[in-house]
Amino acid sequence: MRLYIEDILREINILNWYRGEAAKRVDANADFVQSGSDQQDALLSYIRSVITDVLLLANANRVKFICEVTDDELLFALSPLRAGREHLLDVLKQAIRQYIIYEVRRLWMMTVRPEWADASLREEMKRNIRDAMNAVTAGGERIRRRPTDLAGI
């Protein structure tokens, strides 16, 4: 799986721009919540931090999950994959992408305007990642069947 850092940063900047523009109706100086190329180093630092969260989540789920961060992209690999579940990799990719964007924006708001930082969807997004990982991998939680009494057969 591959996510491009430029695309993630662009979406974060657009969402922060809309947040700042909407807040200008109440506070004329609200544009400081907007991010751009000047804040790219801080946002990249937040991205690396969020990726660590995702890796810890995968580790807690007993999934072998690796992420390589380059200057341009995030490369994810996980194993073992369940046969016939490869089509769900896009679901996992989108869940991770949404979590990265949400969490980086939350961390950014904690820096510039802590009262606007919203963590209400954080656990739900983590659960979405966990569920998607379980759906595509052979690891994670398994259904255990109870032994049955076959004496009556």
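It should be emphasised that the depicted structure is a prediction, and the values quoted were computed from it without experimental measurement.
Residues I8 and V104 have side chains not in contact (no heavy-atom distance under 4.5 Å, counting atoms from C-beta outward). Side-chain atoms of W108 and L43, non-hydrogen and from C-beta on, do get closer than 4.5 Å to each other. Under the 4.5 Å side-chain criterion, counting only non-hydrogen atoms from C-beta, M1 is not in contact with D90. L55 places none of its side-chain heavy atoms less than 4.5 Å from the side chain of I66. Residues L44 and L9 meet the side-chain proximity criterion, which asks for heavy atoms closer than 4.5 Å.
The ring-ring contact (aromatic ring centres under 6.0 Å, His included) check on Y102 picks up nothing, with sequence neighbours excluded. Listed by chain and residue number, nothing satisfies the salt bridge (charged side-chain N to carboxylate O under 4.0 Å, His left out) test with E124 (two or more places apart in sequence, or in another chain). With sequence neighbours left out, the side-chain hydrogen bond (donor to acceptor under 3.5 Å, both in side chains) criterion links T111 to Y46. With sequence neighbours excluded, the residues satisfying side-chain contact (heavy atoms from CB on, under 4.5 Å) with L15 are E11, I101, R105. Partners of Y18 by side-chain contact (heavy atoms from CB on, under 4.5 Å), not counting sequence neighbours, listed by chain and number: I14. Residues meeting the side-chain contact (heavy atoms from CB on, under 4.5 Å) test with E123, sequence neighbours left out: K126. Listed by chain and number, the residues in a side-chain hydrogen bond (donor to acceptor under 3.5 Å, both in side chains) with E6 are R10 (sequence neighbours excluded). Take E68 and apply the side-chain contact (heavy atoms from CB on, under 4.5 Å) test, not counting sequence neighbours, and it matches T70, L75.
Pairing each heavy atom of R97 with each of D7, the nearest pair is NH2-O, 3.9 Å.
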(message) Does L107 form a side-chain contact (heavy atoms from CB on, under 4.5 Å) with V50? I'd like the steps, not just the answer.
(response) CA-CA 9 Å; L107 293 170; V50 173; 4.0 Å; yes

(message) Before you tell me yes or no, could you show the steps for R106 and D118 under side-chain contact (heavy atoms from CB on, under 4.5 Å), namely the whole-Å CA-CA distance, both residues' side-chain angles and the distance that decides it to 0.1 Å?
(response) CA-CA 6 Å; R106 187 187 70 80; D118 179 25; 5.8 Å; no

(message) One pair to check against side-chain contact (heavy atoms from CB on, under 4.5 Å): I5 and D72. What are the steps and the verdict?
(response) CA-CA 6 Å; I5 292 176; D72 301 327; over 6 Å; no

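Side chain of K93 to main chain of L3: no donor-acceptor pair is present (N/O by atom type, distance under 3.5 Å, no hydrogens or angles).
Within the structure, the salt bridge (Lys or Arg N to Asp or Glu O under 4.0 Å) test picks out the following pairs touching residues 39-57 (sequence neighbours left out): D53-R122.
Residue Y4 shares its hydrophobic cluster (ILVMFWY side chains chained together at separations under 4.5 Å) with no other residue.
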